[in-house]
Number of protein chains: 2
Amino acid sequence: MASPLILVVEDEPAVRDMIGLTLEQAGYEWVTAGDVPEARCRLADARPDLVLLDWMLPGQQSGLDFARQMRREELTRDLPVILLTARDAEDDKIRGLDVGADDYVTKPFSPRELLARIKALLRRSGQADDEDVISIGGLTLDSTSHRVLAGDENIALGPTEFKLLSFFIHHPDRVYSRDQLLDRVWGSNVYIDDRTVDVHVRRLRKALSPHGCDRLIQTVRGVGYRFSEH
Amino acid sequence: MASPLILVVEDEPAVRDMIGLTLEQAGYEWVTAGDVPEARCRLADARPDLVLLDWMLPGQQSGLDFARQMRREELTRDLPVILLTARDAEDDKIRGLDVGADDYVTKPFSPRELLARIKALLRRSGQADDEDVISIGGLTLDSTSHRVLAGDENIALGPTEFKLLSFFIHHPDRVYSRDQLLDRVWGSNVYIDDRTVDVHVRRLRKALSPHGCDRLIQTVRGVGYRFSEH
DNA sequence: TTACACTGTCATATATTTGTAATATAGCTG
DNA sequence: CAGCTATATTACAAATATATGACAGTGTAA
């Protein structure tokens, strides 16, 4: 995925810049909002991957209210939120989590701590996407029903082709050598010829080609194969 | 319905409390168990609507074993189970689902993710339980009158075929291995050969075929069988 | 008791999948 | 372009998995 975008909702410019600097150094993109109405705009136009939200904000609406509201709306329901607060009382923490924040950082906090929490949350939300049903490039693999669909048409695959596609679709945009594929799809300790992989790739491509999805499996000459939408 | 009751089987008090807090905030009631024997008691006296089950539990019996056992017993057979695990390997996921867990959450998980999966499962199981009469693909099963209809024609089935069809029709679009089917249709303490399932599937198909409904029972080679309209 | 329905196991028939090898094609280097 | 290497494609026989039909043991109702 491209570099994640983080929305920083914080009214104090000094704090804002400090956070921004930290984020930039870690390779994140970021946008800011100084109050709740502005934050709402950024949510809509910038579509951030995570929100850092100050507990105390100017205006009628506190950060807490805003967080609660985000949870109510479909578009923002699954957005990870980290609350920033000067307070440290257990009660507040519980109230914060109660409202739907995913994590909680107490000021003053170290850049390292902030980044660790951001990273953890982004990882988690990424995992949440990793469902039983996964779709890429018009191809859908459902491991619960053990099915592959191109659009809405069923594709019949043999067991090995199914496992191969399942591995590919869960590990896109990366080259794997034939040996690596043997290890991870067939399992370790198999005494099978490298070239057998070619044949199974061929079979998989053949099954996908009527739907134009064979382009997803790409040959990287001298190295192996890659599964990618591009 | 009253607020659903959730059994949390987890040996670490910290994790247990964290989950409990999440559940309370979402309006669920909950009880806990720290090991398998305790869980068995809670199942019997509290009658939960759903079980959150840690993969690794102290004692001789792992969470996995427990899940499997639950599937064999009449009273707990249809209880939704979500497996909690620290592991993330694809293989484990498959083994977990194989054993009969309905869903699978990897630690660390966000409260939101957990709640989403709980909600989805409760919705599913609620739907399934509500209906005495259930129809899919022109096939109607009426558990009250213990009858099966294709269109408006009665289909005569033996007891095992009826149970098998009943299980299938209540759990569509999902593959089940022969072992899982033995656990969930035949029940506990059976020492029956895998392949016997084939024979009963055959008998069921034969009974359904005059009405064209045999297509609903699909073979998933290398895995098991699936009941699906598509 | 007989007649009958039902179940689980087995033997056999079919169907599908799999790894390998042979051959064709494509890509690269000089 | 020639010569070399890597990949694609096809064919095939062995290995696997499933489907099917028959049978014997069980229990049940008449």
Side-chain angles (χ1 to χ4, degrees), chain A residues 146-148 154-168 175-210 213-228, chain B residues 98 146-148 154-168 175-210 213-227:
Chain A
H146 211 270
R147 256 186 179 146
V148 178
N154 215 318
I155 298 181
L157 295 177
T160 306
E161 278 71 63
F162 186 90
K163 277 187 277 184
L164 181 59
L165 178 60
S166 176
F167 176 77
F168 271 140
V175 201
Y176 290 93
S177 71
R178 292 173 176 74
D179 277 324
Q180 283 177 305
L181 289 171
L182 280 177
D183 277 354
R184 307 204 49 176
V185 176
W186 275 254
S188 43
N189 311 329
V190 285
Y191 58 101
I192 293 181
D193 195 84
D194 270 50
R195 289 289 142 196
T196 298
V197 175
D198 296 35
V199 178
H200 283 278
V201 165
R202 157 69 176 155
R203 285 169 180 156
L204 186 48
R205 279 175 169 159
K206 202 172 192 172
L208 300 182
S209 65
C213 294
D214 53 328
R215 72 187 177 83
L216 296 172
I217 302 174
Q218 300 158 2
T219 303
V220 182
R221 197 185 166 81
V223 186
Y225 297 94
R226 172 182 56 212
F227 185 87
S228 173
Chain B
D98 188 42
H146 211 267
R147 257 191 187 150
V148 179
N154 213 319
I155 297 181
L157 294 178
T160 306
E161 278 70 64
F162 185 87
K163 275 189 280 182
L164 182 58
L165 178 59
S166 176
F167 175 77
F168 271 140
V175 202
Y176 290 92
S177 69
R178 291 172 176 76
D179 277 323
Q180 281 178 285
L181 290 170
L182 282 177
D183 281 352
R184 304 198 58 167
V185 176
W186 275 254
S188 53
N189 306 328
V190 287
Y191 306 99
I192 295 181
D193 195 86
D194 269 38
R195 290 289 145 195
T196 298
V197 175
D198 297 34
V199 178
H200 284 277
V201 164
R202 157 70 175 153
R203 286 169 181 157
L204 186 48
R205 279 175 169 160
K206 205 171 192 173
L208 300 181
S209 66
C213 293
D214 54 328
R215 71 185 180 85
L216 296 172
I217 303 175
Q218 301 159 2
T219 302
V220 181
R221 184 167 252 266
V223 185
Y225 296 95
R226 171 181 56 211
F227 186 86

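The analysis underlying the following values was restricted to heavy atoms, covering all of them including side chains, and did not include hydrogens, waters or symmetry mates. To find a chain, count down the sequence lines: A is the first, B the second, and so on, and within it residues start at 1.
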query: Ignoring hydrogens and geometry, is there a side-chain-to-backbone donor-acceptor pair from B:Arg205 to B:Ile217 under 3.5 Å?
result: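 Flag set: sc B:Arg205 to bb B:Ile217 pair under 3.5 Å.
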Measuring to OP1 and OP2 of [N], would you say a side-chain N or O of [X] lies under 4.0 angstrom away?
{"X": "A:Thr219", "N": "D:dA6", "value": "no"}
{"X": "A:Arg221", "N": "C:dA26", "value": "no"}
{"X": "A:Arg202", "N": "D:dT7", "value": "no"}

Where is the tightest heavy-atom contact between [X] and [Y], given as atom of each residue plus distance?
{"X": "B:Val197", "Y": "B:Arg178", "answer": "CG2-O, 3.8 Å"}
{"X": "A:Val185", "Y": "A:Thr160", "answer": "CG1-O, 4.5 Å"}
{"X": "B:Leu208", "Y": "B:Asp214", "answer": "CB-N, 3.8 Å"}
{"X": "B:Ala156", "Y": "B:Ala207", "answer": "O-CB, 4.3 Å"}

- request: Answer whether the closest heavy-atom distance between the side chains of B:Gln180 and B:Val175 falls below 4.5 Å.
  value: no
Nearest-angstrom distance from the residue atom [atom1] of [X] to [atom2] of [N]:
{"X": "A:Asp198", "N": "C:dT25", "atom1": "CG", "atom2": "C1'", "answer": "13 Å"}
{"X": "A:Leu181", "N": "D:dT7", "atom1": "CG", "atom2": "C1'", "answer": "15 Å"}
{"X": "A:Lys206", "N": "C:dT17", "atom1": "NZ", "atom2": "P", "answer": "13 Å"}
{"X": "A:Leu204", "N": "D:dA8", "atom1": "CG", "atom2": "C1'", "answer": "14 Å"}
{"X": "A:Gln218", "N": "D:dA6", "atom1": "CD", "atom2": "P", "answer": "21 Å"}
{"X": "A:Leu164", "N": "C:dT17", "atom1": "CG", "atom2": "P", "answer": "15 Å"}

task: Find the bend of the helix from C:dT1-D:dA30 to C:dG30-D:dC1 as the angle between its two terminal axes (five pairs each), to the nearest 10°.
output: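 Taking the rotation axis at each end, their angle is 30°.
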message: Base, sugar-phosphate or nothing for B:Tyr225? Non-hydrogen atoms, less than 4.0 Å.
response: sugar-phosphate
Parallel, tilted or perpendicular, judged at 30° and 60°: which one describes the rings of [X] and [Y]?
{"X": "A:Tyr176", "Y": "A:Phe167", "answer": "perpendicular"}
{"X": "B:Trp186", "Y": "B:His200", "answer": "perpendicular"}
{"X": "A:Phe162", "Y": "A:His146", "answer": "parallel"}

statement: In 5'-to-3' order, the base (B), backbone-only (S) or no-contact (-) status of each nucleotide in nucleotides 2-14 of chain C, using a 4.0 angstrom heavy-atom cut-off, is ----SBBBB----
